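Sharing a structure with you now.
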Amino acid sequence: MVADTRLYDVLGVAPDASDAEIKKAYRTLALQHHPDKQSSSDGAPADSSRFQEIQHAWETLSDPEKREDYDNFGEKGPGGRGGPGGFDGADMFDDFFAEMFGGMGGPPPGMGGGGGRPRQRRKTQTEPSEVELPVTLEELYNGANKTLSVERTRKCGPCSGSGAKPGRQAKPCMKCNGQGQTFAMRQMGPYIQRVPVRCSLCDGRGTKVRDQDACKKCKGTRTVKEKKRVEFYLERGMHFGETIVLKGEGDESPDSCSPGDLHIIVRPLPHPTFSIVPPPHHRSDRPADLSTTLSLTLSESLLGFSRLILIHLDGRGLRVNQPAPGQRGWRVLKTGDEVVVPGEGMWRKGEKGDLVLKIEVAMPDEQWAMGLAEKGGVDTLRGLLPPRRPDLVNIVEDGKDVDDVTLEEKKDSADDEEQWYHGNGRPYDEDEEGPGCQQQ
Ligand SMILES: [Zn+2]
Ligand SMILES: [Zn+2]
C-alpha cells in the first residue's frame, strides 16, 4: 500500500507500474509537454510548470530508493529526512557535539576528529545533468557516431571530496553550530513563525573546512571542474527532445555515492531542404514524416514529367515519373497541393515515415511571354489555353457607369505605415490643410 499516489497520477501510471512502464510514460509526456516543443508547434506560450511536474515525478519514481521512500512516506519523505536538519543517529551525535563545542573552534586537542565527523547527507546517485545536442537531419536519418565535449563537476580527487588537506578535516560549522540549519522569522498569514532554513555558510552540512585546512586543489569546495569528451551513438530517427542517457557521465556531487547520468537531449537543426513532421503525440513510437517543397513548371504541373526531383538525406536521388494526361494516375498538380511519397520519411527503428511534397507551380515570367510574342506565338497559345472569361457588362445595373481602371504594383504596406506614422513626425498634421479642405 503506497502512502500517496500523486506522482504516479502525474505520469498516468498505476502505483505498481514497472520501471519500463514509468519510463515509457515519462518519455511520452516529456515529449508532449516539453516547453520548446509546445511553443514551436502551436505558437502558444509554453507551460513549463506541467513539464517540471512530469520531470519531478520521473526523478522520484525512476530512482528505486527514492521511489521506495515515496511509496512509504509520501512526498515529505521519511520523518522529515531529506530536508536540512533531519534527525538520524549521526545527526543526534553531531547535535550533541555541537552543543558541547559549538563556536569554540572545533574539538579540543587530543580528541582528534572522532567526534567531529561530518554530518552525512544520505548517499545517493547525483542528479542527472542535461546537455543539448544539435544534430543535422543527415545525422538523424543515417545514425551517427558523435562526440561531445562536456564540462562537468567531479568530486575532488586529492581530498576525496572532503575539501580538507590530508590529515585535516571539516569542523562543525560556526554559524549553525553544526546543526546544518539556522532559524528565520517568517510571516505565515497573521502569525510570525520561527522556521528552520538551511545554513548558508555550510550549505546545510553542519560542517565546514576552515580556510587553513582547505585542500589545495579544490580550495575547500570539495569539487573540481573537468572537461570530458564523451562518445556515443546517435540512433537514427530519434525525435525532437528525446534523450540519450550516458550512465555516470554527468556531474558528481561530493555527497553522493556515484556520479549522475548525463542526459543528452536531441535537437534537430533546421535543414535547407527538409523539415520534420513529427507523429502525433500519442504515437511517439512512430517514425516522423519529412516534408519539402517541389517546384514544378506549368508544363510539368499540367502534362506530367519524369525527372530526378531531389537528393535524399542519405545521398540517394529520387526520380518521379508523373504520368501525362490520359495516362493512368495522371492529375494536374496545383500550387498548394500536397502529395506523399510513401516510405521516404524519417527512420524509426526498422520503419520509415512518408515524404510529403508541397507543390509549388512556377508560372512562366514576362521574359518568356515576350519571347513568345516576338515569335508571333501569342495567338497560338491563346487558342490552346482555356478561354478567357467573357466581359459581363450586362451585370451592371441600368444607369450605372463602367469605369476603365488600370492595375498597378501594390506598394509595400510597411512603407505606407512608416509614412503614415513618421512622415511628418506625427500621424497627421492638423495645422496642415488636407487636399479636401483647401480654401482660398
Ligand atoms: Zn552551517
Ligand atoms: Zn579537494
Side-chain angles (χ1 to χ4, degrees), residues 76-109 111-127 129 150-186 192-228 248-260 262:
K76 290 200 171 63
R81 190 174 68 189
F87 294 101
D88 53 22
D91 286 343
M92 275 167 67
F93 192 92
D94 281 354
D95 294 336
F96 164 74
F97 183 85
E99 222 166 295
M100 283 186 70
F101 301 108
M104 289 166 60
M111 249 192 102
R117 68 196 163 96
R119 171 184 309 225
Q120 302 279 310
R121 279 185 198 167
R122 209 159 76 103
K123 296 252 181 191
T124 52
Q125 191 186 14
T126 311
E127 292 292 300
S129 29
V150 290
E151 192 188 53
R152 61 193 191 183
T153 303
R154 290 269 138 168
K155 213 181 266 191
C156 174
C159 66
S160 312
S162 74
K165 274 182 197 163
R168 308 291 176 87
Q169 53 196 294
K171 294 181 176 157
C173 171
M174 288 195 284
K175 185 173 179 188
C176 62
N177 287 340
Q179 298 287 337
Q181 62 183 23
T182 53
F183 289 90
M185 305 311 261
R186 205 160 276 171
I192 293 190
Q193 271 196 334
R194 193 164 165 268
V195 292
V197 291
R198 172 175 291 196
C199 172
S200 58
L201 187 63
C202 64
D203 194 27
R205 278 191 308 281
T207 57
K208 177 95 180 123
V209 176
R210 304 285 185 268
D211 285 350
Q212 65 271 23
D213 296 339
C215 161
K216 284 213 172 66
K217 171 122 194 202
C218 64
K219 312 273 187 291
T221 59
R222 313 197 295 149
T223 56
V224 288
K225 293 273 184 205
E226 172 191 278
K227 281 230 192 316
K228 172 84 194 281
E249 295 285 10
D251 289 335
E252 182 182 30
S253 146
D255 292 317
S256 69
C257 59
S258 59
L262 178 62

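Index from 1, following the sequence. Order of listing sets the numbers, starting from 1, for every ligand and every atom in it. Note that the coordinates shown come from a computational prediction; the quantities given were computed from them, not determined experimentally.
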SG (Cys156) to the Zn ion (ligand 2) to SG (Cys159) angle, given to the nearest 10 degrees:
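About 110° at the Zn ion (ligand 2).
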Determine whether Lys175 and Ser200 satisfy the following criterion, side-chain hydrogen bond (donor to acceptor under 3.5 Å, both in side chains), listing intermediate values before the conclusion.
CA-CA 8 Å; Lys175 185 173 179 188; Ser200 58; 2.7 Å; yes
Smallest heavy-atom separation, Pro259 atom then Gly248 atom, equals CB-O, 3.6 Å
May I have the step-by-step check of side-chain contact (heavy atoms from CB on, under 4.5 Å) for Arg210 and Arg168, ending in yes or no?
CA-CA 9 Å; Arg210 304 285 185 268; Arg168 308 291 176 87; over 6 Å; no
Taking Thr153 for its side chain and Asp251 for its backbone only, find out whether a donor-acceptor pair lies under 3.5 Å.
no
Can you give me the SG-the Zn ion (ligand 2)-SG angle for Cys218 and Cys215, to 10°?
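Value returned, to the nearest 10°, is 100°.
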Looking from the Zn ion (ligand 1), what is the angle between SG on Cys176 and SG on Cys199, to the nearest 10°?
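The SG/SG angle about the Zn ion (ligand 1) sits at 110°.
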